Protein chains: 2
Amino acid sequence: MTERWLDETEMRAWVAFLDTSNLLLRRIDQQLREDGGLTQPQYELLTRLAEAPGQRMRMAELALALVASRSGLTYQVSQLEKAGLVRREAYTGDDRGILAVLTEQGEQALHRAAPGHLRVVRENLIDLLDRDQLATLADTLSRARAHLRATGGA
Amino acid sequence: MTERWLDETEMRAWVAFLDTSNLLLRRIDQQLREDGGLTQPQYELLTRLAEAPGQRMRMAELALALVASRSGLTYQVSQLEKAGLVRREAYTGDDRGILAVLTEQGEQALHRAAPGHLRVVRENLIDLLDRDQLATLADTLSRARAHLRATGGA
DNA sequence: CGGGGGTGGTTCGAATTCGAACTACACGGC
DNA sequence: GCCGTGTAGTTCGAATTCGAACCACCCCCG
């Protein structure tokens with residue numbers, strides 16, 4: 001496999017993936033900024049916290065989930081802390097650990113931004129597909145994610 | 001549709017898309033940096049030029065294709081020009097126009113970087129899917145892209 | 001208990017990106 | 001021909017991101 005090019009279908013899939021990813025992330029970011037003063041990375045961060053037990057996560061764990069560097073996460077959490085949407089808390093049991101905690105205000109901000117965000121995701125991706133296509137998309141990309149995660153720290 | 005949340009499958013598809021996109025772009029960037037001194041955005045830029053007739057494109061057109069801002073493109077083209085991989089050329093017929101042209105060196109850089117890049121794309125996405133899944137992925141994401149492009153300048 | 005290697009988080013400087021403002025040129029109507 | 005509106009590309013300052021260096025702390029092994 002040391003030199004195989006991509007055939008017609010493979011190329012179409014890959015380029016479509018790349019373009020859609022670029023376009024959709026940009027569109028989401030635009031919408032969030034206009035609509036609630038959040039950026040796409042910030043929205044994703046808040047979402048992960050909201051889904052976590054106790055609405056809190058270790059910094060390192062959060063960085064991993066967001067596919068961001070530790071230093072990048074430090075910056076964003078600081079921004080969100082200034083805005084009052086996130087709070088830092090000591091982690092009991094390891095004095096090095098810091099928990100990022102979603103505040104009441106953060107939850108509200110998420111609640112305000114969610115409908116518009118969802119609308120964009122639906123209009124430009126989800127609602128364009130039927131159930132079979134949706135299931136295939138979920139399966140295939142979950143497999144890709146698993147592979148990427150598994151070979152990440154190798 | 002003013003408040004519909006995502007069901008199980010929809011959520012799985014969307015989160016997998018987001019994660020895979022983040023992970024894959026990061027992995028590609030790592031590989032390209034180690035392997036040839038290019039970044040992922042630079043590789044994509046050179047690829048678009050290589051595929052264009054005459055290996056050249058108008059700046060505005062290129063920015064649109066890459067889903068980047070015009071100022072961002074100015075920066076990257078300048079970087080690549082310093083490195084000798086791209087050259088700027090006047091556009092005959094509109095004195096405002098500038099063409100970005102792939103140089104011989106740029107073509108060689110692309111040629112050197114391509115095998116490693118392809119390997120990453122295959123290992124983490126393409127080769128994980130069978131022909132049907134691949135075709136579905138291409139179809140669905142092409143449709144999403146078309147929708148995003150169509151509603152872009154609305 | 002006392003290092004030594006490893007992990008968690010931050011700080012720092014460099015690179016990249018964006019949008020707004022700006023300059024130069026194009027095009028249509030008067 | 002000349003002006004007003006619009007487009008192409010660049011410049012500028014601000015925001016975001018990364019990796020490397022750093023400090024504090026954890027855990028294991030002798």
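No hydrogens, no waters, no symmetry mates; every other heavy atom, side chains included, goes into these values. Order of the sequence lines fixes the chain letters, A, B, ..., with proteins taken first and strands second; residue numbering starts at 1 for each chain. Source: prediction; values computed, not measured.
- A donor atom on one side chain and an acceptor atom on the other are not found under 3.5 Å apart for A/Q55 and A/E107.
- When the P atom of C/dT7 is taken as reference, atom OH of A/Y91 falls 16 Å away, rounded to whole Å.
- For A/D29 (side chain) and A/T39 (main-chain N/O), no donor-acceptor pair under 3.5 Å exists by modelled atom type.
- You'll find that the side chain of A/T74 is closest to C/dG9, out of C/dG9, D/dA20, C/dC18.
- Using modelled atom types, one finds no donor on one side chain facing an acceptor on the other under 3.5 Å when comparing B/Q30 with B/E34.
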Show each protein N/O and nucleotides 26-28 of chain C N/O combination with a separation under 3.5 Å, one pair to a line.
| from | atom 1 | to | atom 2 | distance (Å) |
| --- | --- | --- | --- | --- |
| C/dA26 | OP1 | B/D95 | N | 3.2 |

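- Here A/R12 pairs with B/D139 in a salt bridge; the nearest charged N to carboxylate O distance falls below 4.0 Å.
- Under the 3.5 Å distance criterion, the side-chain polar atoms of A/T20 are left unmatched by any main-chain donor or acceptor of A/F17.
- Looking only at atom types and distance, the side chain of A/Q76 has a donor-acceptor partner in the side chain of A/Q42 under 3.5 Å away.
- Checking C/dC18, D/dA8, C/dT16 against every side-chain atom of B/A68, the shortest atom distance belongs to C/dC18.
- Put simply, CZ on B/R70 is 14 Å from P on D/dG6, counting in whole angstrom units.
- When each of A/R88 and A/R26 is assigned the nucleotide of DNA chain C bearing its nearest heavy atom, the one mapping closer to the 5' terminus is A/R88.
- With distances taken from any side-chain atom of A/T39 to the nucleotides D/dA8, C/dT16, D/dT16, the minimum falls on D/dT16.
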